[in-house]
There are 2 protein chains.
Amino acid sequence: MAVTLHDVAREAGVSYATASRALNGSDRNVRQENAVRVQAAAARLGYVPHAPAQAIARGSTNTVALVVSDVDDPYFSMIAAGVIDAAEDAGLIVTMAVADRSPGLELQIVRTLRGHRPRAIVVAGSRIDGSGERASLVEELEAYRASGGRVSLISQPDLPFPTFAIDNTGGARRLALELAGLGYQRFAVVHGDDAIRASRDRRTAFADGLREAGLGLDPGCEIATDFSRSGGLAAAERLAELARAGVEAVFAVTDVMAIGAMSGLRAAGLRPGVDLALAGFDDIEAAGEVTPGLTSVRAPLREVGRRAVEAALSGAPAGVVDIPVEVVLRDSTPPRHRGADPPRTVVVNGATHLTARKGHDVAASSQAHGHVT
Amino acid sequence: MAVTLHDVAREAGVSYATASRALNGSDRNVRQENAVRVQAAAARLGYVPHAPAQAIARGSTNTVALVVSDVDDPYFSMIAAGVIDAAEDAGLIVTMAVADRSPGLELQIVRTLRGHRPRAIVVAGSRIDGSGERASLVEELEAYRASGGRVSLISQPDLPFPTFAIDNTGGARRLALELAGLGYQRFAVVHGDDAIRASRDRRTAFADGLREAGLGLDPGCEIATDFSRSGGLAAAERLAELARAGVEAVFAVTDVMAIGAMSGLRAAGLRPGVDLALAGFDDIEAAGEVTPGLTSVRAPLREVGRRAVEAALSGAPAGVVDIPVEVVLRDSTPPRHRGADPPRTVVVNGATHLTARKGHDVAASSQAHGHVT
DNA sequence: TTGAAAGCGCTACCAG
DNA sequence: CTGGTAGCGCTTTCAA
């Protein structure tokens with residue numbers, strides 16, 4: 001049905017082998033004249049090499065597989081963009097699958113993808129704890145690697161593969177310090193299920209940061225909800241109550257949740273940023289576009305995607321690469337001037353001096369390299 | 001290096017052929033006992049069938065290829081989400097490539113993809129006119145189809161394949177009528193290069209709608225800029241001038257551009273929705289999240305993605321399926337009450353009665369099925 | 001129900 | 001430099 005190399009060879013009047021060499025041979029051992037002849041024939045016939053056949057003959061494909069939790073989430077689409085960039089640079093095609101935050105599905109997907117024998121598999125998505133599938137996932141990836149495949153992970157910092165870990169802990173902690181520095185004293189946190197590592201890490205690190213700043217976090221102020229926009233929306237009612245009870249600022253563990261909460265607060269008659277300050281995490285594009293601009297913690301997601309495939313392809317050793325993040329202050333957390341209190345100055349680790357600056361759109365705080373955790 | 005069917009067969013103590021049948025055979029002609037034996041062996045060895053080999057033996061793969069212009073654009077990520085959904089339902093894996101709005105790259109990508117012999121290729125992305133590559137694209141796609149592949153297109157309504165066309169024309173026109181009905185009289189339009197079909201169609205249809213409502217559009221009020229967020233941002237300065245000169249409302253041909261313009265207007269000291277009304281197109285998620293909510297035209301992108309793969313897989317005939325859109329009025333275009341003028345009532349095609357309703361978040365206008373164009 | 005063997009389209013090695 | 005040809009891993013007749 002389709003045009004095969006055989007047809008091209010015949011059309012060009014050369015042997016099968018010669019045609020192959022002329023078209024894809026790493027050798028240059030083909031007479032100019034024949035090469036041209038073959039290429040012309042291929043073009044005339046609309047021949048495209050059969051990738052699966054090449055894969056089987058060569059023993060390797062030209063694809064990279066990417067597993068994400070959700071496509072329609074800006075967090076993952078930025079990562080995907082980076083992955084696709086890097087793959088393209090390497091002349092590879094990207095195969096993408098969505099695990100929908102289900103460890104079971106994720107496992108199954110990795111199995112399927114492995115069958116396609118990609119050059120590398122990149123798994124992005126927050127680790128779900130406590131699932132029996134975890135061990136199976138590792139096993140699967142290990143088997144893949146054993147058969148010559150390369151693996152790299154984004155944000156699953158406890159598996160035996162090269163891993164790019166967004167610094168959730170450091171980011172959330174520093175965010176807490178920044179907000180404290182801005183004069184906020186009473187906080188609430190909106191988070192997802194603790195089984196979602198990113199959610200738990202950010203939540204606890206934020207609380208730690210608060211403690212470090214000499215502030216507390218009332219247990220009643222930690223609102224568990226769905227790890228999504230609608231979760232944030234649903235939390236709004238409770239937040240409104242808390243605001244009335246004196247809470248001044250909320251940290252939602254993702255921007256998506258924070259933006260949901262923002263809508264909900266408005267619906268409840270509160271003015272985000274005025275009646276209740278709000279901060280998120282990830283610094284997705286929308287964070288800079290909502291009003292008031294959402295204070296957040298930025299991770300270079302696109303770059304992480306790039307680096308993940310580069311690392312995998314280059315056969316990087318297992319180990320965690322901490323991806324530094326930076327706090328981005330926007331109008332949703334205006335400085336809170338209290339006549340009584342003196343302006344706060346926070347000293348971290350007895351060294352880094354965190355100053356809360358504020359710019360029009362993006363005001364990055366102190367650097368976040370390494371283990372500030 | 002990797003575990004092969006051969007290994008499994010040996011481990012299970014049966015023949016190669018039997019192992020194959022037990023694992024993937026469409027037949028059920030394997031004794032229960034052997035089947036179990038083989039499956040156990042496969043599990044023990046961590047065997048995964050070699051997809052390229054299966055592809056070559058069977059003559060068909062289990063992938064669907066998707067070509068988009070940009071991943072990191074919500075318009076395309078919604079479509080991608082739909083495509084992935086449908087593919088998953090069909091037990092297929094999605095291969096995704098980004099053409100970056102370059103016809104040349106798109107062509108090259110389709111060629112490469114074709115080599116992978118996917119079951120179907122779905123091409124999304126607004127057609128770029130006037131490029132010589134167009135014919136080549138069609139040729140490539142045609143060759144692919146000739147070799148048994150299925151093709152479907154999203155929003156490229158003039159190629160000989162099953163196509164899902166967002167009703168840009170009808171949507172923009174109806175948006176114009178709605179805005180006129182709201183009392184706006186002086187407009188500006190922010191658009192991209194006319195070579196981008198979606199941009200041109202929306203722009204001209206909007207002008208047509210205005211004309212239909214008895215309003216004009218000053219040529220000086222059509223601002224050509226980059227077909228992106230930053231393009232919208234860049235147009236803001238000009239928009240501010242126009243607003244001062246009496247322009248009341250702006251239509252940006254995409255939400256992404258409109259949101260960029262919104263930021264820019266704010267920076268210029270104007271209040272979007274108050275000093276200048278603003279409307280976009282696509283109804284991406286962010287449209288409902290910015291403040292004021294952005295009036296837009298909604299297309300069921302995710303569903304379109306689903307349908308595109310379903311159509312391709314089921315071998316739908318060439319032809320255009322018009323995807324109806326609906327106008328979504330939000331706070332960025334508040335009704336404009338003018339003491340003098342009587343409330344407008346617009347009659348379309350002498351039949352449909354368009355009423356501008358306004359809800360909290362989503363107020364859909366009259367239906368948009370078929371050829372209202 | 002099973003095993004043997006013929007391909008699938010291509011690459012790469014081995015002689016010429 | 002070129003043509004034969006042996007695989008690559010799997011599916012699928014064809015006999016047994």
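All chains are named by letter (A, B, ...) in the order of the sequence lines, taking the proteins before the strands, and each is independently numbered beginning at 1. Atom set for the values below is all heavy atoms of this structure, side chains included, hydrogens, waters and symmetry mates excluded.
Heavy atoms only, all atoms of each residue included: Ala35(A) and Val30(A) are closest at N-CG1, 3.7 Å. A pairwise comparison of heavy atoms in Leu45(A) and Val3(A) identifies O-CG2, 3.4 Å as the closest pair.
Following rounding to the nearest Å, Leu5(A) (CG) and dG3(D) (C1') show an atom-to-atom distance of 13 Å. Distance Asn62(B) CG to dT11(D) C1': 15 Å, rounded to the nearest Å. In this structure, Arg58(A) places its CZ atom 13 Å from C1' of dC8(D), rounding to the nearest Å. His6(A) has its NE2 atom 13 Å from the P atom of dG7(C), to the nearest Å. In this structure, His116(B) atom NE2 and dG9(C) atom P are separated by 17 Å, rounded to whole Å.
You'll find the side chain of Pro118(A) stays beyond 4.5 Å of the side chain of Val64(A), heavy atoms only.
Of the residues in residues 8-20 of chain B, Tyr16(B), Ala17(B), Ser20(B) come within less than 4.0 Å of DNA chain D through at least one heavy atom, sorted by number. Listed by residue number, the members of residues 42-56 of chain B with any heavy atom below 4.0 angstrom from DNA chain D are Tyr47(B), Pro49(B), His50(B), Ala53(B), Gln54(B), Ile56(B).
Distance CG/Asp282(A) to CG/Asp73(A): 8.0 Å, rounded to 0.5 Å. The structure places CZ of Arg302(A) at 6.5 Å from CE of Met78(A), a figure rounded to the nearest 0.5 Å. Expressed to the nearest 0.5 Å, how far CD1 of Ile109(B) lies from CD1 of Ile93(A) amounts to 6.5 Å. Of the inter-residue distances, the one linking Arg307(A) atom CZ with Ser152(A) atom OG reads 11.0 Å to the nearest 0.5 angstrom. We find the CD1-CD distance between Ile323(B) and Glu303(B) to be 6.5 Å, quoted to the nearest 0.5 Å.
Contact check, Asn24(B) against dT11(D): a side-chain N or O comes under 4.0 Å of OP1 or OP2. An OP1 or OP2 oxygen of dC10(C) is reached within less than 4.0 angstrom by a side-chain nitrogen or oxygen of Thr4(A). Contact check, Arg31(B) against dT1(C): no side-chain N or O comes under 4.0 Å of OP1 or OP2. For dT1(C), the OP1/OP2 oxygens have no side-chain nitrogen or oxygen of Asn34(B) closer than 4.0 Å.
Distance from the side chain of Arg21(A) is smallest for dT2(D) among the nucleotides dG7(D), dG7(C), dT2(D).
Each of Asn62(B), Thr63(B), Thr95(B) was evaluated against His116(A); a single residue qualifies, Asn62(B), per the side chain to side chain donor-acceptor pair (under 3.5 Å) test.
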